[in-house]
Every structure is written in C-alpha cells, then in structure tokens.
Amino acid sequence: MFASEFEEEQYRLRQEKLQRIQQLGVEAGLKPLEATYPNSFRVTHEVPAILREYTEVSGEALDADRVEAAVAGRVMAHRRQGKAGFAVLQANGARLQIYVRKDDVGERAFELYKLLDLGDHIGVSGYLFRTRTGELTLHVRELTFLAKAMLALPDKFHGLTDIELRYRQRYVDLFMDDGEEIESTGVSASEPIPSDLSTGPERSGVQEPASLPVAVTTPGQNPEAIAASTQSLKRLPAREVFLKRAQVLKALRTFFDSRGYIEVETPMMQPVAGGAAAKPFTTHHNSMDMDLFLRIAPELYLKRLVVGGMDRVYEINRNFRNEGISTQHNPEFTMLEFYQAYANYHDLMDLTEELVTFVANEVNGTTLIDFPLPKGPRAGEMVQIDLGKWERLSMKEAIVKFWPEGFGHPPAEEDFQSEQAFSSFLLNALRELKSQYPQLETPTAEVSGVDIERHRYRRSLLTIFNGHRMLLTADRTEQVREVAKIMNWPEPTDKVLAEAEPVGKAIAGVFEAVAEQHLIQPTIIYDFPLAVSPLSKVKPDEPDWVERFEFYIGGFEVGNAFSELNDPEDQRRRFEAQLGERERGDDEAHQMDADYVRALAYGLPPTGGEGIGIDRLTMLLTGSRSIRDVILFPLLRPAKKPVLEKTDETAAKEPEQA
C-alpha cells in the first residue's frame with residue numbers, strides 16, 4: 001500500500017491524530033465512530049453557489065445583512081498562529097476561505113482545527129464577511145470533523161505530474177489537477193490560494209482579518225508554472241474535462257430527443273459479435289453453458305428495432321474491442337449510434353454537421369476549438385479548428401487531393417477500376433519516387449542529408465504500396481521477390497499463390513496512408529469501397545462502391561455512417577464473403593448473423609445509420625491529447641508497485657509563498 005517508509009510513517013502519524021480527534025469527540029459527548037467518521041453534515045449552501053451569489057457583494061453589505069451558511073469540503077490549505085487561523089475548503093471544484101478563531105469556536109473545536117491535515121474533510125457553519133484584502137470568507141462559529149485523509153496530498157500546484165499516475169489515481173487527480181496554462185493567455189486554469197493565506201514574513205503566521213496584507217499567489221510566479229506556460233500544449237483541469245464530457249452527453253440527448261428519436265438499450269453480451277470489423281472479448285455463461293461476446297457495436301440490434309417499427313432510435317453505449325491501445329483507442333469506449341428510417345447517407349451528412357455544431361455550442365459556447373494534434377507528422381502541434389465549417393470529399397477525391405509529392409501524378413478514375421489497374425498505378429508511383437529519390441531504399445536509421453520525417457513517411461508508403469500490390473494479385477511471386485530484395489530477405493524459390501485482395505480494400509488502405517493525416521478541419525469522406533463495407537447499401541450506378549461516409553476532425557475518424565443494406569439475400573452473401581476473409585486469417589472480419597438476416601427478411605425500410613465516438617468527440621471539445629484523458633478509469637497494465645507519491649508532509653501543510 002505504501003510507496004515508501006516515509007509515507008508509511010506519515011500514515012502512522014495521521015492515525016495518531018485521528019485518535020486524538022476521537023478523544024476530543026468523546027469528551028464532547030460523541031460516540032467514537034461519530035467523532036472520527038460521522039455519517040452526515042447538514043449543508044445549507046454549496047461552495048459554488050456562495051461564490052456565484054456573493055462574489056460581487058461588498059463587505060459593507062455583508063456586514064449590514066449577515067449571511068449565515070454551513071458548508072463542507074476538503075481542506076486544501078491552512079495557516080494558523082496563536083488563537084486564530086485561515087483555511088481553504090474545496091467542494092464541487094470551487095474553493096472558499098474560512099476563518100477560525102478560538103474565542104468563537106471554543107477550545108475543543110480549535111484544538112480539533114490544529115489537528116487538521118491537508119485533504120481532511122470538515123463541515124463549518126458561520127457567516128460570510130470580507131477580510132481587509134477583500135477576500136470572501138466564512139467566519140466559523142462551529143467546526144465538525146468529517147473524515148481524515150490518511151495519505152498526504154501531492155504537491156498543491158502540480159497535482160499528480162506523472163501522466164500514468166494521473167490515470168491510476170483519478171480519485172486524486174480530480175481534486176488536485178489544475179491543468180496547464182499558457183502564460184500569454186493571462187488566464188489561470190486554477191483558482192489561486194486566497195491572499196490571506198499566501199503572504200506574510202512567515203507562512204505559519206496568521207493575523208486578524210482587519211490587518212492582513214494584500215498579495216495573490218498565481219501560477220505564473222511558480223518556476224515550474226513558468227516552464228509549463230512556455231510549452232505549446234495546454235489542457236483543462238481533469239474535473240473540467242469530465243464535466244464537459246457530461247455536458248456532451250446531455251447535449252446529444254437533447255439533440256435527438258427534440259427530433260423524435262427514442263433512446264434504447266441493447267445487449268452488451270451477444271451470441272454473435274457483429275456490427276463492426278473488430279476482434280471481440282469472449283466470456284462464458286456458466287448456467288447456460290454458452291460462449292458470449294462483449295459488444296463491439298450495437299448496430300444489428302438497433303436495426304432490428306427499426307424493422308420492428310421504431311423509426312428513430314439512438315443508444316449511447318459502451319463497446320469493447322480486443323485491440324491495441326493508442327491516443328485514440330481504448331479497449332472499452334463509448335459510442336453514440338442512431339438510426340433513422342426513410343433516410344439515406346446524404347440526410348445523415350446534413351444531420352452530422354448540424355449535430356456537431358450544436359454540441360460544440362452547447363458545451364463550449366462556440367464552434368472554435370484549440371486542439372493538439374495527436375498523431376501524424378504534425379503531432380503535438382496546436383491547431384484551431386472550426387466545427388461549424390465542413391468540407392465533403394469522396395474517398396477517391398481525397399486520395400487525389402492529398403497525393404504525396406514525389407510519387408508522380410495522382411490516380412485517375414481508370415486507375416481505381418480493377419486490381420490490375422490499381423496495382424500498376426502503385427508500381428508506377430514507386431518507380432517515379434525512386435527515380436527522384438534514390439535514398440528511398442535506405443533504412444531510416446542509416447540515411448543522412450535528408451529530411452528524416454519525410455524519409456520515414458516515404459518509407460512507410462513504400463511498405464504500404466508494396467504490400468497492397470502483393471495482395472492485389474493471386475500470383476505474388478514477383479512482388480514477394482521485389483519486397484524481399486528491398487528488405488534484404490531470402491527470395492522465394494517456388495511460386496507464391498493466394499486469393500487476390502479486392503481492389504476496394506487496397507484503395508481504402510491507400511486513403512488512410514495518404515489522406516487521413518491531412519483531415520484536420522471537419523471533413524466528410526463519402527463513397528467507400530464495397531470490400532470494406534459489409535453492412536452498407538451499394539450505389540445504384542457503381543456496384544463496387546457503397547453509400548457510406550466517415551467524418552474526420554483533428555486528423556482522425558470521429559464517426560461512420562451509411563445507407564443501411566436492407567436486402568436480406570445481399571446481406572447473406574456479404575456475411576459469407578466475410579467468413580471467407582476470416583478463413584484467410586482476418587480475425588476482425590464479420591461473423592455470420594443468421595437471425596439478423598431473418599430480421600431483414602421481414603422488411604427493413606430505407607434507413608440511414610451512424611456511429612460517433614463519444615470519447616474522441618470529447619477529446620476535441622476539451623483539447624485533450626489522449627483518449628485516456630477523457631475516460632475516468634482507462635485500462636492500464638497492473639502497477640509494479642504502489643503508485644503513491646512521496647510528499648513532504650511538513651511542506652504540504654503550508655501554502656506556497658507568493
């Protein structure tokens with residue numbers, strides 16, 4: 001449990017204080033448990049409400065019309081000397097200064113006050129006034145002990161500075177984290193310690209409120225804060241991030257409820273893992289003796305509801321995918337999925353733009369956001385994004401628009417038409433680059449005299465293009481030999497034969513490689529290959545392409561939508577084709593869901609459906625760098641040892657000096 005002997009000793013010392021607090025309570029007529037861990041405290045005012053209502057009220061007005069209040073909170077700072085002292089209580093993310101004087105609270109309560117540590121919970125009642133420095137303060141008449149923090153808090157300004165520690169100890173992060181700020185903005189992410197606690201020749205000294213000097217401690221005066229303010233990235237305090245996440249969910253529900261959608265719930269344990277191309281988690285139901293899968297998507301159940309006559313449905317759901325972890329991926333995540341009968345993907349494009357704009361305005365009051373790009377060659381760069389301005393490109397148009405420099409001309413329409421045509425195009429693109437850039441085949445670790453990032457990117461495209469060229473043909477002997485030669489691998493002696501990859505799959509792979517990183521501003525990418533869209537309706541005039549779109553913001557996908565396939569025979573054939581992909585080793589290919597095909601046979605009306613990543617949308621609206629920053633308890637590897645910071649208890653008791 002303890003990170004160090006020091007921490008264990010501090011825990012023991014706090015136990016001794018708790019025993020003394022218990023003794024004081026018993027002397028006052030309380031039972032031992034009531035003295036140390038009482039079960040309630042009657043609060044008359046919340047701290048945020050006091051600040052909202054009385055921040056602008058003058059001291060004279062407070063003296064003329066005294067405001068009585070009882071508040072409770074966590075002690076975040078205190079300073080005492082002699083027969084009086086100040087402390088700061090934090091509750092619901094807001095801080096209020098209190099003033100405790102022995103003559104007002106009595107000897108026993110003041111002795112209790114002197115036994116308080118940072119992090120302890122107390123309840124106080126008294127009246128509001130302003131100190132000479134103008135600080136709104138509660139003059140305490142009664143003090144009640146509520147709970148002791150047996151572990152010392154981290155440094156007051158930094159909170160938990162280690163990122164992984166913040167995720168592991170979110171319970172500390174939420175009340176300690178002040179976020180980061182850029183000094184040039186002049187706006188602090190945290191409330192400063194009240195002036196009455198931050199000044200004086202000795203921080204332990206305390207004076208009567210009429211003679212306290214004026215000074216304010218701001219993060220900009222702290223050396224570490226100045227260092228943080230020079231960085232290009234900033235983030236909100238953890239508590240504010242999760243308050244905004246709650247606002248995102250509220251705004252989504254408001255949007256859909258006002259449009260006649262019905263919120264529903266579908267199974268999280270399913271006999272068939274369907275609705276997405278993903279590897280599921282597997283579990284087993286003992287009494288029924290059957291394997292089940294944790295939900296990878298609610299799609300097939302929601303469309304069953306549309307078959308049943310629920311024309312507009314949505315679900316905010318938890319999904320589970322047994323995949324890798326990155327700044328945009330967590331195995332457990334939250335999705336919004338919604339379906340609308342008698343609509344198609346064009347209708348949902350309009351609805352998507354309206355939805356994102358609405359949520360941004362509801363949560364932030366503006367469509368403008370500052371966002372640190374999480375990946376790609378511009379990773380870490382802070383960019384401004386306008387969620388109210390959208391662009392629409394087909395997948396083929398996006399490949400053409402963002403075709404990389406040095407690879408020759410972008411693909412023409414005829415290059416997308418067949419496996420052979422696209423393979424030839426990729427080969428010519430690589431030949432063009434090799435003719436202009438002879439260092440292409442030099443490993444990144446060995447190359448010199450070039451832009452390393454550009455070289456790395458071109459090398460990655462070399463691997464991707466060659467990989468798709470190899471997969472696009474059944475006879476892969478020559479391609480394997482070429483790759484083996486480039487990579488210095490042994491060349492095959494026999495023919496290498498396999499079933500050819502559909503050209504659509506290669507087109508989608510090339511799109512991700514060349515275009516996705518450029519989709520910073522809100523962009524809808526529409527018309528996807530059939531080969532990567534087993535649940536979408538085909539375009540009437542292009543049978544190898546489907547009515548599907550994804551929208552991208554900040555360089556990554558946020559949502560996916562399509563005109564739903566409602567032909568049961570076509571759906572059966574596509575499931576069978578996906579089974580073939582599974583046999584070839586694709587463990588993310590869709591499973592056969594015979595009951596869903598049967599549901600379609602009862603008639604699914606023309607329907608548009610969409611899924612949006614709530615976590616990713618929250619990342620954008622809060623300027624968060626990682627999906628873990630917007631998930632309260634993200635999945636982490638087990639800690640090798642206790643992850644509790646060693647803290648100087650003596651220093652922690654006193655606020656930093658201005």
Side-chain angles (χ1 to χ4, degrees), residues 242-270 272-276 278 293-321 330 332-345 347-364 387 535 549-551 558-564 566 593 595-596 599-600 602-622 627 630-632:
F242 292 104
L243 290 179
K244 283 184 177 288
R245 181 186 176 105
Q247 292 170 353
V248 169
L249 296 174
K250 180 180 179 181
L252 290 171
R253 287 189 165 98
T254 298
F255 183 89
F256 285 103
D257 291 346
S258 66
R259 286 161 177 78
Y261 284 77
I262 301 172
E263 184 174 7
V264 298
E265 295 174 300
T266 60
M268 295 180 68
M269 293 190 300
Q270 304 176 355
V272 177
F293 302 98
L294 295 186
R295 176 172 59 197
I296 59 174
E299 177 174 338
L300 302 187
Y301 283 94
L302 291 173
K303 286 190 285 190
R304 285 175 170 96
L305 297 179
V306 180
V307 171
M310 302 180 73
D311 289 347
R312 296 188 177 197
V313 294
Y314 76 95
E315 182 176 9
I316 296 174
N317 55 86
R318 302 290 285 179
N319 292 331
F320 309 85
R321 298 181 183 178
N330 192 67
E332 179 182 359
F333 60 99
T334 305
M335 287 280 291
L336 160 74
E337 286 212 18
F338 60 94
Y339 292 83
Q340 180 175 329
Y342 314 111
N344 64 16
Y345 76 143
D347 299 312
L348 294 194
M349 290 184 201
D350 297 335
L351 190 68
T352 297
E353 295 179 5
E354 186 180 352
L355 170 64
V356 174
T357 300
F358 173 82
V359 172
N361 281 316
E362 287 291 299
V363 174
N364 289 338
L387 298 178
L535 300 170
F549 74 85
E550 293 179 346
F551 72 91
V558 181
N560 180 28
F562 35 81
S563 301
E564 302 296 339
N566 57 351
D593 190 334
D595 181 74
Y596 175 68
L600 290 185
Y602 281 97
L604 174 69
T607 300
E610 183 168 350
I612 296 176
I614 300 298
D615 307 306
R616 294 184 180 184
L617 182 59
T618 304
M619 285 176 61
L620 292 164
L621 292 172
T622 59
I627 196 170
V630 300
I631 296 175
L632 279 168

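Just so you know, these numbers use all the heavy atoms, side chains as well, and skip hydrogens, waters and symmetry mates.
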[Y] and [X] side chains, donor-acceptor separation under 3.5 Å:
X: Asp257; Y: Tyr314; result: yes
X: Tyr342; Y: Gln340; result: no
X: Arg318; Y: Thr334; result: yes

If we only count heavy atoms from C-beta on, is the [X] to [Y] side-chain gap below 4.5 Å?
X: Met268; Y: Leu294; answer: no
X: Thr352; Y: Glu610; answer: yes
X: Tyr596; Y: Val272; answer: no
X: Thr622; Y: Val363; answer: no
X: Val313; Y: Glu263; answer: no
X: Glu299; Y: Leu302; answer: no
X: Phe551; Y: Asn560; answer: no
X: Leu305; Y: Tyr339; answer: no

If you measure from [atom1] on [X] to [atom2] on [Y], what distance do you get to the nearest 0.5 Å?
X: Ile612; Y: Leu336; atom1: CD1; atom2: CG; value: 5.0 Å
X: Met335; Y: Ile614; atom1: CE; atom2: CD1; value: 8.0 Å
X: Glu265; Y: Ile316; atom1: CD; atom2: CD1; value: 11.0 Å

- Identify whether the distance between the nearest side-chain nitrogen and carboxylate oxygen of Glu354 and Arg259 falls below 4.0 Å. yes

- Query: Should the pair Glu315-Arg295 be classified as a salt bridge under the 4.0 Å nitrogen-to-oxygen rule?
  - Reply: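 Salt bridge between Glu315 and Arg295, a charged N being under 4.0 Å from a carboxylate O: yes.
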
- Query: Run the side-chain contact (heavy atoms from CB on, under 4.5 Å) check on Lys303 and Glu564 step by step: do they pass?
  - Reply: CA-CA 9 Å; Lys303 286 190 285 190; Glu564 302 296 339; 2.7 Å; yes

Any donor and acceptor pair, going by atom type alone, linking the side chain of [X] with main-chain N or O of [Y] inside 3.5 Å?
X: Asn330; Y: Phe333; value: no
X: Arg245; Y: Thr618; value: no
X: Thr254; Y: Leu252; value: no

- Item | Test side-chain contact (heavy atoms from CB on, under 4.5 Å) applied to Val306 and Met310, step by step | CA-CA 5 Å; Val306 180; Met310 302 180 73; 5.9 Å; no

Could you tell me which non-hydrogen atom of [X] sits nearest to which non-hydrogen atom of [Y], and how far apart they are?
X: Glu337; Y: Pro298; answer: OE2-CD, 3.2 Å
X: Ala599; Y: Arg304; answer: CB-CG, 4.1 Å
X: Leu632; Y: Phe242; answer: N-CE2, 3.4 Å
X: Leu348; Y: Gly608; answer: CD1-C, 3.4 Å
X: Asn344; Y: Ser563; answer: CB-OG, 3.3 Å
X: Ile296; Y: Ala278; answer: CD1-O, 4.0 Å

- Parallel, tilted or perpendicular: which fits the ring planes of Phe256 and Tyr261, with parallel below 30° and perpendicular above 60°?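 Plane angle over 60°, so perpendicular.
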
- Message: Would Asn364 and Lys244 count as a side-chain hydrogen bond (donor to acceptor under 3.5 Å, both in side chains) here? Give the steps.
- Response: CA-CA 8 Å; Asn364 289 338; Lys244 283 184 177 288; 2.7 Å; yes

- Query: Out of Thr357, Leu355, Val356, which one pairs with Val359 under the side-chain contact (heavy atoms from CB on, under 4.5 Å) rule?
  - Reply: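 Checked Thr357, Leu355, Val356 against Val359; only one passes side-chain contact (heavy atoms from CB on, under 4.5 Å): Leu355.
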
- Message: Is it true that, when you exclude Met269 itself, more than 12 heavy atoms of the residues, nucleotides or ligands shown sit nearer than 6.0 Å to its CE?
- Response: no

